[in-house]
Amino acid sequence: MARVLITSAIPYINGIKHLGNLVGSQLPADLYARYLRGRGHEVLFLCATDEHGTPAELAAAKAGKPVAEYCARMWAVQDELGRGFRLSFDHFGRSSSPQNHALTQHFAGRLADAGLIEEAWEKQIYSKADDRFLPDRYIEGTCPNCGYDKARGDQCESCTIQLTPTELIEPRSAISGSTDLEVRETRHLHLKQSQLRMQLSDWIDSKTDWPVLTTSIARKWLNDGDGLQDRGITRDLDWGIPVKRGTEDWPGMEGKVFYVWFDAPIEYIACAHEWVAAGKGDDWKRWWRTDQGAEDVRYVQFMGKDNVPFHTLSFPATILGSGEPWKLVDYIKSFNYLNYDGGQFSTSQGRGVFMDQALEILPSDYWRWWLLSHVPETSDAEFTWEAFQQDVNKDLADVLGNFVSRITKFCRSKFGAVVPEGGFHGPREQALITDLQTRLGRYQAHMDAIEIRKAAAELRAIWVTGNEYLQSAAPWAAFKHDPQTAAAMTRFALNLIPFYAGLSAPFIPDTAQAMADAMGVPLAWPACAETALTALPAGHGFTVPDVLFTKISNDQRKAWQARFAGVRT
RNA sequence: GGGCCUGUAGCUCAAUUUGGUCAGAGCAGAGCGCUCAUAACGCUUUGGUUGCAGGUUCGAGUCCUGCCGGGCCUACCA
């Protein structure tokens, strides 16, 4: 039995996440967590909301609420939607937690003690009308290069040239439109990541089994230009973790907070502390401190590709720089993007299907199956309603659902709702057992390697074998002249249901549970096909489950296409 | 501009690590079969000069060069 720590990239607080966000980190992380638990491993699966930063403050202002109140409410919303999608977090925390405050300040203190923090004066744009400093991209103006009048202070989206805010012609606040801006000097802390460059580079080089997407992004940042750059880790904002050096005040840093990307990854650790504080566990350092029991933990992170630099470099720099034995990530699974019907999902533009809307129209298993079996592992993937309807109807309703339906109903009509007795396994059954044992091995290998699409394809192939078996065995024909043999065939086919349920649970947990319940057995991962497929004894009662998956009709699909064609209002 | 990823049957993808039965699967299409089942299932089958043009090699989807298309990142959004 192994111990595996799993974290999903923590979703930002400023709204309900769309399916692209979901499939890029939380859903695959959940799949892996459920699989490992099923295999009997000890898992700690953590996620949280990422609550700091300018966008959170602006979202709160737009909602007309104090930012703390806004975040608390949005945390509750995201927590509920996570439950709706059956995300099996051991704890869903908040980066604004007291635990994260203390831990973030602790790390800053350790880094300062190690000589890895330096203070620097910076020139920042201040908006008097908004009464705040503005990040570069929150300043708009005319591009000095191409004349585009909505260029941002970091880059012109029209001609893609890199900009600084002071280069913009007629700059204005993107928040209020005010042109009453001025450059102010402000003092900030910088993390001297450059000093850790070789250490980080060696560490990345040692990760030969990581996806190319992960290592190539890390190497780019390590080697581009002058190499890894030092990074500001503080901001002039109200909402955030106050800058402290451990528990001590930090002279000159009054009124400032840590940069959200400094405190957000630390929340992975603090979340374990929250997990204990919530009474769900009793020793969080056993998962995070290699000197206190975590030396045998395997730590796996899941994230979209946009998050990779912070997880391969910034956060490891924080940990390595602290000089303390915190657990470093062992494997990073990163994903490309899921697009929506010819364009990108967009939270800011309200484009696509959002988690709450998805659950309004269909049970979570439909979404889980489709999204996971099409997870953007090697390149960007695309969601279309036609593909969704076609794939879900075929895979879930026809292949899996109908298999359960046909065999349970056949049995009930011929033998009653009881596993029939009589007859013996023949070569056909033995051959299928052998085949399924092979497939089980392949499926597990893909899951172990977190090759999600391949795992989904193998699982589907396993479902198909049930229909193939019934077709070739044809118990309905045997029943007419040889009821004993028909009984043995039926008993064998019924045994496939709990076998399928166990294997399918990571993908479609609700349906898997319903399958196990219908057969009157606990949901369990099969140790081997031979044993699992003889588990249901003759005389064991069962119930014919309701239709597991209702098909998506063309009318439904068209209605949803129309409903989700525009932007969310 | 630079870097990285990507382009394989109508569609979604596999095979690229280690060049050699590697050109495959699912869906869609066609034909046949079955009737237990959510008009579901099974079997058979039609589709590809692997974006284009060169090169290396006994042999390239796989390696090299150039070109074309799609995507991402480029450090103060997170």
Side-chain angles (χ1 to χ4, degrees), chain A residues 9-14 50 52-56 58 122 124-125 133-139 152-155 160-162 164-165 174 188 193 208-209 211-213 215-217 219-221 223-225 228-232 235 259-261 264 304-310 313-314 336-337 339 344 347-348 373-374 376-382 384 386-387 390-391 393-399 401-414 451 453-454 456-457 460-461 464 466-477 479 486 489-490 493 546-551:
Chain A
I10 62 178
Y12 200 61
I13 194 71
N14 69 339
D50 178 13
H52 300 135
T54 305
L58 298 180
E122 294 178 8
Q124 292 286 314
I125 307 295
F133 283 94
L134 296 177
D136 290 359
R137 74 161 44 197
Y138 282 95
I139 299 158
R152 291 190 320 226
D154 57 340
Q155 184 173 41
T160 74
I161 192 174
Q162 304 280 307
T164 60
H188 280 297
Q193 297 184 131
T208 54
D209 62 332
V212 178
L213 184 66
T215 52
S216 65
I217 292 173
R219 290 211 175 86
K220 161 77 169 165
W221 282 54
N223 302 321
D224 199 36
L228 186 62
Q229 300 298 297
D230 295 342
R231 194 165 180 119
R235 290 291 184 274
Y259 175 42
V260 55
W261 262 118
K305 55 186 167 186
D306 51 330
N307 275 324
V308 169
F310 304 99
L313 303 171
S314 305
N336 289 283
Y337 293 146
N339 291 319
Q344 291 193 340
T347 302
S348 58
S373 60
H374 293 79
E377 279 176 316
T378 53
S379 63
D380 291 352
E382 174 149 322
T384 65
E386 287 86 354
Q390 192 171 75
D391 295 340
N393 284 354
K394 192 69 185 175
D395 299 346
L396 298 181
D398 295 345
V399 174
N402 183 56
F403 168 75
V404 173
S405 182
R406 69 192 293 202
I407 187 57
T408 52
K409 286 179 180 172
F410 174 78
C411 182
R412 184 175 61 183
S413 72
K414 306 300 187 204
E451 294 269 12
R453 281 180 183 239
K454 289 178 182 173
R460 187 190 188 280
V464 166
N467 287 312
E468 290 171 344
Y469 171 76
L470 286 182
Q471 187 64 36
S472 69
W476 49 86
F479 183 76
M489 291 169 173
T490 303
D546 294 333
V547 167
L548 294 178
F549 295 99
T550 306
K551 291 207 212 190

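Per chain, numbering begins at 1; letters A, B, ... match sequence-line order. What's counted below: heavy atoms across the whole structure, side chains too, no hydrogens, waters or symmetry copies.
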Problem set entry | Base-pairing assignment for B:G61 (Watson-Crick or G-U wobble, both under 3.5 Å) |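 When the pairing criteria are applied, nothing turns out to pair with B:G61, so the answer is none.
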
Problem set entry | Pairing nucleotide - B:A15, Watson-Crick or G-U, each distance under 3.5 Å |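 The answer is none; no pair meets the criterion.
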
Exercise. For the pair made of CZ in A:R406 and C1' in B:C34, what is the distance, rounded to whole Å?
Worked result: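 That distance rounds to 9 Å.
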
For this session: Let me know the distance between CG of A:D136 and C1' of B:A75, rounded to the nearest Å.
Result: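 Those two atoms, CG and C1', are 11 Å apart.
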
For this session: Name the nucleic acid region contacted by A:F133, choosing base, sugar-phosphate or nothing; use a 4.0 angstrom heavy-atom cut-off, strictly under.
Result: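 No contact at all - A:F133 keeps every heavy atom at 4.0 Å or more from the nucleic acid.
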
Exercise. Checking all strands, does A:V308 fall into the base, sugar-phosphate, or nothing category for heavy-atom contacts under 4.0 angstrom?
Worked result: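 No contact.
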
Does a side-chain N or O from [X] land closer than 4.0 Å to OP1 or OP2 of [N], or not?
| X | N | value |
| --- | --- | --- |
| A:T378 | B:A14 | yes |
| A:K305 | B:G71 | no |
| A:K394 | B:A40 | no |
| A:R137 | B:C77 | yes |
| A:Y469 | B:C41 | no |
| A:R231 | B:A75 | no |
| A:Y138 | B:A78 | no |
| A:K454 | B:A15 | yes |

Identify which nucleotide among [options] has an atom closest to any side-chain atom of [X], counting heavy atoms from C-beta outward.
| X | options | answer |
| --- | --- | --- |
| A:R460 | B:G42, B:A78, B:C27 | B:C27 |
| A:N402 | B:C77, B:A40, B:A78 | B:A40 |
| A:Y12 | B:C43, B:U74, B:A78 | B:A78 |
| A:Q471 | B:C27, B:G33, B:C76 | B:G33 |
| A:L548 | B:C72, B:U38, B:A78 | B:U38 |
| A:Q390 | B:U38, B:C43, B:A28 | B:A28 |
| A:Q344 | B:G71, B:C73, B:C43 | B:G71 |

Is any side-chain N or O of [X] under 3.5 Å from a base N or O of [N], one able to act as donor and the other as acceptor?
| X | N | value |
| --- | --- | --- |
| A:E468 | B:C41 | no |
| A:D398 | B:A40 | no |
| A:E386 | B:C11 | no |

Problem set entry | Along RNA chain B (nearest heavy atom to each residue), the more 5'-positioned of A:G232 and A:K220 |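 Closer to the 5' end of RNA chain B: A:K220.
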
For this session: Taking A:S405 for its side chain and A:G401 for its backbone only, find out whether a donor-acceptor pair lies under 3.5 Å.
Result: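 No, the answer is negative, given that no donor and acceptor are paired below the 3.5 Å cut-off.
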
For this session: Answer yes or no: is there a donor N or O on one side and an acceptor on the other, between the side chain of A:Y337 and the main chain of A:G304, under 3.5 Å?
Result: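 Such a contact is absent between A:Y337 side chain and A:G304 backbone.
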
Exercise. Taking syn as any angle within 90 degrees of 0 and anti as the rest, which one fits B:G47?
Worked result: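 Classified syn.
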
